[in-house]
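One structure is given below, encoded as structure tokens.
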Amino acid sequence: MTVDSTLGARPADPGAPPLAPGAVPMLGHAGSLLRDPLGFLTALREGGDVVRLRLGPRTAYAVCDPSLVAALLRSPDFAVGGPLWDTMGVLLGKGVATSNGALHRRQRRAVQPAFRMDRIHDYAAVMEDEARRTADRWTDGETVDLGAEVFRTATRVVARSLLRVDSIDERADRLAAALHTVFEGLYRRMILSFGPLYRLPLPANRRFEHALADLHRMVDEIIAERRAATASGVATDDLLAALLDDRDENGEPVDEQEVHDQVVSLVVAGAENVAKTLTWVFQLLAEHPEHEKRLSEEVESVTGGRRPVAFGDLGELAYMRNLITESMRIRPAVWILTRLATVDTTLGGYRIPAGTDILYSPLAMQRDPRAFTDHLSFDPDRWLPERAADVTPAAHAPFSVGNRKCPGDHFSMAEMAVILGTVVQKWRLVATEETDSTARIGITLQPRSARLQVRAR
């Protein structure tokens, strides 16, 4: 079954998609993706629903229509792969984020129980504690790097709740530094896949290799410490324990490398994406004090101003939920994703040969004027029930869809809400001369400078 058949399309004679304008010899469109990737990907929709790109020696197809992207993600004709995931393999290995087929299904079954709603309720105390620690570290009038602060907080939440790693203080800072360097290097490798270039002893390559090695070393330390604790009779019931007890299709314990890759995948997803999203939320609140005021008033009305925000409050914080959702729409952390065609198929009326790289941009879809009214405005109220029905559903799926839907979506939303509510209850966030909302491009997006002043309420 082709993707087009699921959409009711009947191409008479499918051919190759049109080539996007702007390709240059040798580099193709890679230069545009390096210079202005967000503008380039957003403009691709003007060339059609599917267009062809040249990325150095590689050819890729970009899908620009939200409905086609939704069908692509649900189709068995396409697997996780392509330039992004090929590049991310040096970091994530074959964990649940990058695996396919039977391996992915088994790995997902191993991690899914850790994200049941009753387990998320158990993690609430860690989320609340880490949120308060963060808010209590600051002093009135201080300028803080919100990006670094929330990354450290998100790393600690993942480590303490999912992995039960209490000795995370020093490692949280190491993880933050390592991941920052690794993600910058990975983006260059995704766009310009010239392998020999990255084996040269250049300073950027040495920094990348050192950071990557340190990241993997920290994960090995965490696993070794848990194995030692288990051998000494310390019993735990958490996600790391489930990974260590997992069995392959033959009933044998999974190998050490798979456990390592699973832990890396979960730490990266749980820390990187949550932290980048929260950084954008705080930046947007500093740019839009009217929304910060509404959020503060909602938190005050729910807590009465007499106690900290708690996990049990989240169901009553509707405006906060809409504000986070709108932040993920207009300033997504994940801005580009790729897939690989596993069979000859068609998409949008075009022939897609097996082995073709497919890419799409959540940012471009979420800023598509065909899907969103006043698409460039930050408007949390667009997610009110009476207005959300007008949004094209396929255009906004921040946690993906189908069997690749993020298993930790409820965990992440709860964590972001607890941290946001705790900070806003105590502090107002004010932009400074150092604040710069220009997007810094990497595998994920973040503000170029999220240095904000905190003022006591």
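Start at 1 with the first residue, then count along the sequence. Because only heavy atoms are used, hydrogens play no part in the values below, and waters and symmetry mates are left out as well, while side chains stay in. None of these values were measured; they are calculated from a predicted model.
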Query raised in the report: Does T153 reach the side chain of I419, with side-chain heavy atoms less than 4.5 Å apart?
Result: yes
Query raised in the report: Taking the inter-plane angle between the rings of W427 and W138 on a 0 to 90° scale, is it parallel (under 30°), tilted (30 to 60°) or perpendicular (over 60°)?
Result: tilted
Query - Pairwise salt bridge (Lys or Arg N to Asp or Glu O under 4.0 Å) hits with a residue in residues 406-427, at least two apart - result: D136-K426, K405-D409
Query raised in the report: Could you give the distance from OG1 (T134) to CZ (R152), rounded to the nearest 0.5 Å?
Result: 7.5 Å
Report task. Let me know which of M88, H104, R404 forms a side chain to side chain contact (heavy atoms under 4.5 Å, CB included) with V80. Result -> R404
Query raised in the report: Quick check: does any side chain N or O of T236 sit under 3.5 Å from a backbone N or O of D238, one acting as donor and the other as acceptor?
Result: no
Query raised in the report: Do any N or O atoms from the side chain of W335 and from the backbone of G442 form a donor-acceptor pair under 3.5 angstrom?
Result: yes
**Report entry** Rounded distance [0.5 Å steps], CD1 in I223 versus CG in L240
**Finding:** 6.5 Å
Report task. Run the numbers on D379 and F372 for side chain to side chain contact (heavy atoms under 4.5 Å, CB included), then give the verdict. Result -> CA-CA 11 Å; D379 180 11; F372 297 95; over 6 Å; no
**Report entry** Contact summary for A178 and M218, nearest pair of heavy atoms
**Finding:** CB-CE, 4.5 Å
Query raised in the report: Counting only N and O atoms by type, is there a donor-acceptor contact under 3.5 Å from the side chain of Q366 to the main-chain atoms of I330?
Result: no
Query raised in the report: Would you say the side-chain atoms of T338 pair up with the backbone N or O of G81, donor to acceptor, closer than 3.5 Å?
Result: yes
Report summary line: Correct closest heavy-atom pair for R370 and P66 would be NH2-CD, 4.4 Å
Query raised in the report: Are the charged groups of R119 and D122 less than 4.0 angstrom apart, N to O?
Result: yes
Query raised in the report: Side chains of Y61 and L359: does their closest heavy-atom pair fall under 4.5 Å?
Result: no
Report task. Decide side chain to side chain contact (heavy atoms under 4.5 Å, CB included) for D313 and R307; before the verdict, give the C-alpha distance in whole Å, the side-chain angles of both, and the deciding distance to 0.1 Å. Result -> CA-CA 11 Å; D313 298 324; R307 58 174 178 78; 2.8 Å; yes
Query raised in the report: What is the minimum heavy-atom distance between A414 and M127, and which atoms define it?
Result: C-SD, 4.1 Å
Query raised in the report: Between atom CZ of R226 and atom CG of L244, what is the distance when rounded to the nearest 0.5 Å?
Result: 7.0 Å
Query raised in the report: Would you say W280's side chain and M328's backbone share a donor-acceptor pair under 3.5 angstrom?
Result: no
Report task. Decide yes or no on side-chain hydrogen bond (donor to acceptor under 3.5 Å, both in side chains) for D220 and H260, but give the supporting numbers first. Result -> CA-CA 7 Å; D220 286 337; H260 174 102; 2.7 Å; yes
Report task. Please determine if R331 and E287 form a salt bridge, counting it only when a charged side-chain N lies under 4.0 Å from a carboxylate O. Result -> no
**Report entry** Side-chain heavy-atom pair L68, V50 within 4.5 angstrom cut-off
**Finding:** yes
Query raised in the report: Does R339 use its side chain to pair, donor to acceptor, with the backbone of G82 at less than 3.5 Å?
Result: no
Query raised in the report: Looking at CD of E292 and CG of L284, how far apart are the two atoms once the value is rounded to the nearest 0.5 Å?
Result: 11.5 Å
Query raised in the report: Atom CE in M416, atom CG in L323: separation rounded to 0.5 Å?
Result: 11.0 Å
Query raised in the report: S99 pairs by side-chain hydrogen bond (donor to acceptor under 3.5 Å, both in side chains) with which of R106, K94, R105, Q107?
Result: Q107
Requested in this report: Check whether more than 12 heavy atoms from other residues, nucleotides or ligands sit under 6.0 Å from atom CD of E433, and answer yes or no.
Outcome: no
Requested in this report: Give the intermediate values and the outcome of side chain to side chain contact (heavy atoms under 4.5 Å, CB included) for residues M320 and V299.
Outcome: CA-CA 8 Å; M320 176 187 288; V299 171; 4.0 Å; yes
Report task. Applying side-chain contact (heavy atoms from CB on, under 4.5 Å), name anything that partners R448, two or more places apart in sequence or on another chain. Result -> D436, T438, R440
Query raised in the report: Is E300 salt-bridged to R457, cutoff N-O under 4.0 Å?
Result: no
Query raised in the report: Salt bridge or not for D214 and R174, using N-O below 4.0 Å?
Result: yes
Query raised in the report: Can you find a heavy atom in the side chain of R109 that is under 4.5 Å from one in the side chain of Q112?
Result: no
Requested in this report: Could you tell me whether R382 and E326 have a side-chain N and a carboxylate O separated by less than 4.0 Å?
Outcome: yes
Requested in this report: Report the relative orientation of the aromatic rings in H291 and F378; use parallel for angles under 30°, tilted for 30 to 60°, perpendicular for over 60°.
Outcome: perpendicular
Query raised in the report: Taking T303 for the side chain and V309 for the main chain, is one N or O donor matched with an acceptor at less than 3.5 Å?
Result: no
Query raised in the report: Of all heavy-atom pairs between V274 and A154, which one has the smallest distance, and what is that distance?
Result: CG1-CB, 4.1 Å
Requested in this report: Ignoring hydrogens and angles, tell me if any N or O in the side chain of E258 forms a donor-acceptor pair with the backbone of L243 under 3.5 Å.
Outcome: no
Query raised in the report: Do the non-hydrogen side-chain atoms of V454 and D140 ever get within less than 4.5 Å of each other?
Result: no
Requested in this report: Grab the two heavy atoms, one from S377 and one from R329, that are nearest each other, plus how far apart they are.
Outcome: O-NH2, 3.0 Å
Report task. Report yes if the side chains of L445 and K276 come closer than 4.5 Å at any heavy-atom pair, otherwise no. Result -> no
Requested in this report: Report the C-alpha distance between Q446 and T279 in whole Å, list the side-chain angles of each, state the deciding distance to 0.1 Å, and finish with yes or no for side-chain hydrogen bond (donor to acceptor under 3.5 Å, both in side chains).
Outcome: CA-CA 7 Å; Q446 62 181 319; T279 303; 5.9 Å; no
Report task. Using a strict cut-off of less than 4.0 Å between a Lys/Arg side-chain nitrogen and an Asp/Glu carboxylate oxygen, indicate whether R294 and E290 qualify as a salt bridge. Result -> no
Query raised in the report: Any donor and acceptor pair, going by atom type alone, linking the side chain of D145 with main-chain N or O of A148 inside 3.5 Å?
Result: yes
Query raised in the report: Within the distance-only criterion (no hydrogens, no angle test), does the side chain of T435 pair as donor or acceptor with the backbone N or O of R451 below 3.5 angstrom?
Result: yes
Query raised in the report: How long is the gap from CG on L239 to CD on Q262, to the nearest 0.5 Å?
Result: 8.0 Å
Report task. Could you walk me through whether H410 and F115 pass the ring pair (Phe, Tyr, Trp, His ring centres under 6.0 Å) test, one step at a time? Result -> CA-CA 8 Å; H410 296 298; F115 296 106; over 10 Å; no
Query - Exercise: identify the closest heavy-atom pair between V267 and V158 - result: CA-CG1, 4.2 Å
**Report entry** side chain to side chain contact (heavy atoms under 4.5 Å, CB included) assessment of L314 paired with L317
**Finding:** CA-CA 5 Å; L314 301 188; L317 295 169; 4.1 Å; yes
Query raised in the report: Hey, does D368 have a side-chain heavy atom less than 4.5 Å from the side chain of D65?
Result: no
